Chemist: 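Here it is, the structure, as structure tokens.
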Amino acid sequence: MSSTPLHDWELAPAEAIALQRRLAGRVERVDRLDPVRHVAGVDIGFEQGGEITRAAVVVLAWPPAAEGDFVVVEQAVHREPTRMPYIPGLLSFREVPAALAAFDTLTIRPELVMVDGQGIAHPRRLGVASHLGLWLDRPTIGVAKSRLVGRHGEPGTERGDWAPLHDDGPGGEEVIGAVLRSRQGVKPVFVSPGHRLCLETSVGWVVACLGKTKLPEPTRLADRLASRRDQKRR
DNA sequence: GCGACAG
DNA sequence: ATCTTGTCGC
């Protein structure tokens, strides 16, 4: 899939919204993946007051050495001038270009990618995780720290418990994600299918990638690298 | 017109 | 997202 001319954010919204509507829904979803050898995590951070966009990708070997014990086999950082402001619902146009550039520098092509943000739990069912998956042509899962759209009940208190995230669609109410208790006694994370995967499989992978913290390892490590918290410690 | 609103 | 120290709790 090629790139899109949406750099002029003063004009981008209308085009972006039309593009998202066109791309969403025509994605086939399966409940299993081909053999997985690598799982990647992606996140975007900012430098210099937001002037610079910093994309980080961390590739982990699959399966882990032990439960929750993952080995980082490659990682990449790509910096570029920020091209759009943050607009709820249009996050992908701000973050995907930089993320793709970071992926271009990798020698490995992960079979699964976890993204910090929503998948189909988005107004037009095409959040940043879905969008990135289409351009990478890889299965993706959205793991967000807060809600963008949808209604939900409180999930159970045990790790792995989850409550469905609902929203109204053209054909009535639909399940667009899961509010997952990734760790006991902590605010849940919002998991939603990005590209190609169905909800149950997405939740299964996120749970399988949990370490000792709230966020799954792929996203947590990418988060640290994007925010320079991996070296910022003194 | 008044909220809500991924990162 | 980012600006930022200590502090409460397992």
Side-chain angles (χ1 to χ4, degrees), chain A residues 6 9 12-13 16-17 20 24 41-57 68 77-100 102 113-134 140-152 157-159 165-168 176-195 199 202 206 210-216 218-234:
Chain A
L6 295 164
W9 61 266
I17 289 170
Q20 294 179 329
V42 199
D43 189 32
I44 276 65
F46 296 88
E47 301 175 9
Q48 300 175 30
E51 299 296 309
I52 300 298
T53 294
R54 179 190 172 93
V57 182
V77 170
H78 168 78
R79 301 165 73 254
E80 63 172 44
T82 298
R83 61 186 77 203
M84 285 209 7
Y86 166 67
I87 300 173
L90 295 176
L91 183 66
S92 55
F93 296 95
R94 171 173 162 91
E95 303 191 340
V96 167
L100 289 174
V113 180
M114 289 190 191
V115 186
D116 191 317
Q118 314 288 354
I120 63 173
H122 172 277
R124 292 168 295 283
R125 305 294 180 263
L126 203 95
V128 62
S130 311
H131 200 139
L132 183 62
L134 276 165
T140 59
I141 298 172
V143 182
K145 296 181 288 297
S146 62
R147 185 195 69 92
L148 173 58
V149 293
R151 303 176 297 279
H152 66 85
T157 61
E158 297 304 304
R159 158 182 289 217
L165 179 63
H166 299 89
D167 195 24
D168 300 315
I176 59 174
V179 184
L180 173 70
R181 190 74 68 185
S182 54
R183 196 185 173 194
Q184 200 172 61
V186 177
K187 281 204 321 182
V189 294
F190 293 73
V191 178
S192 58
H195 192 47
L199 178 60
S202 299
V206 171
L210 287 176
K212 298 174 180 175
T213 55
K214 164 180 171 173
L215 295 177
T219 299
R220 184 183 71 84
L221 294 172
D223 211 277
R224 299 191 45 150
L225 185 56
S227 303
R228 295 167 297 176
R229 256 174 297 123
D230 56 323
Q231 58 101 42
K232 219 170 186 176
R233 297 279 64 181
R234 72 155 50 171

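Note that the coordinates shown come from a computational prediction; the quantities given were computed from them, not determined experimentally. So that the names make sense, note that chain A is the first sequence line, chain B the second, and so on, each numbered from 1.
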Chemist: Could you give the CD-to-P distance, from A/Q118 to B/dA6, as a whole number of Å?
Modeler: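 About 8 Å, once rounded to whole Å.
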Chemist: Scan A/I52 against the nucleic acid and name what it touches under 4.0 Å (heavy atoms): base, sugar-phosphate only, or nothing.
Modeler: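 Nothing, no nucleic acid heavy atom in range.
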Chemist: Nearest 0.5 Å, please: how far is CD in A/E158 from CD in A/Q184?
Modeler: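 Rounded to the nearest 0.5 Å, the CD-CD separation comes to 4.5 Å.
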Chemist: For A/Y86 and B/dC5, give me the distance from atom OH to atom P, rounded to whole Å.
Modeler: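 Going from OH in A/Y86 over to P in B/dC5 covers 10 Å.
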Chemist: Can you tell me the distance, in whole Å, between the NZ atom of A/K214 and the C1' atom of C/dC10?
Modeler: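 Interatomic distance, NZ of A/K214 to C1' of C/dC10: 17 Å.
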Chemist: Classify the nucleic acid contact of A/G127 as base, sugar-phosphate or nothing, counting any heavy atom under 4.0 Å across all strands shown.
Modeler: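 Base, at least one base heavy atom under 4.0 Å.
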Chemist: Classify the nucleic acid contact of A/E95 as base, sugar-phosphate or nothing, counting any heavy atom under 4.0 Å across all strands shown.
Modeler: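 The residue A/E95 makes sugar-phosphate contact but no base contact.
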Chemist: What do the steps show when you test A/F93 against A/R83 for side-chain contact (heavy atoms from CB on, under 4.5 Å), and what is the final call?
Modeler: CA-CA 8 Å; A/F93 296 95; A/R83 61 186 77 203; over 6 Å; no
Chemist: Would a distance-only check, ignoring hydrogens and angles, find a side-chain to backbone donor-acceptor pair under 3.5 Å from A/R54 to A/S227?
Modeler: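 It does not hold such a pair.
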Chemist: State whether the aromatic ring of A/F190 stacks on the base of B/dA6, taking stacking to mean ring centres under 5.5 Å apart and ring planes under 30° to each other.
Modeler: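 Not stacked: fails the 5.5 Å / 30° test.
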Chemist: If the cut-off is 4.0 Å, is A/S227 near the phosphate of C/dA1, judged by side-chain N/O to OP1 or OP2?
Modeler: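 For C/dA1, neither OP1 nor OP2 has a side-chain N or O of A/S227 closer than 4.0 Å.
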Chemist: So what does A/G89 hit on the nucleic acid, given a heavy-atom distance under 4.0 Å: a base, only sugar-phosphate, or nothing?
Modeler: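 Base contact.
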Chemist: C/dT2 P sits how many Å from A/E51 CD, rounded?
Modeler: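 These atoms are roughly 14 Å apart.
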Chemist: Take atom CG of A/L215 and atom P of C/dA1, then tell me their distance rounded to the nearest Å.
Modeler: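 These atoms are roughly 10 Å apart.
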Chemist: In whole angstroms, how far is the C1' atom of B/dA6 from the CG atom of A/D43?
Modeler: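 Going from A/D43 (CG) to B/dA6 (C1'), I get 11 Å.
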Chemist: Expressed in angstrom and rounded to an integer, what is the separation of A/R147 atom CZ from B/dA4 atom C1'?
Modeler: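 For the pair A/R147 CZ and B/dA4 C1', the rounded distance is 7 Å.
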Chemist: Would you compute the distance between atom OG of A/S192 and atom CZ of A/R125 and round it to the nearest 0.5 angstrom?
Modeler: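 The CZ atom of A/R125 is 10.0 Å from OG of A/S192, to the nearest 0.5 Å.
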Chemist: Please determine if a side-chain N or O atom of A/K145 lies less than 4.0 Å away from the OP1 or OP2 oxygen of B/dA6.
Modeler: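 No, no such contact exists.
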Chemist: Round to a whole Å and report the spacing from NE2 of A/H152 to P of B/dA4.
Modeler: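 Atom-to-atom, A/H152 to B/dA4, this comes out as 14 Å.
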Chemist: Rounded to the nearest 0.5 Å, how far apart are CE of A/M114 and CD1 of A/I141?
Modeler: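 Between A/M114 CE and A/I141 CD1, I get 4.5 Å after rounding to 0.5 Å.
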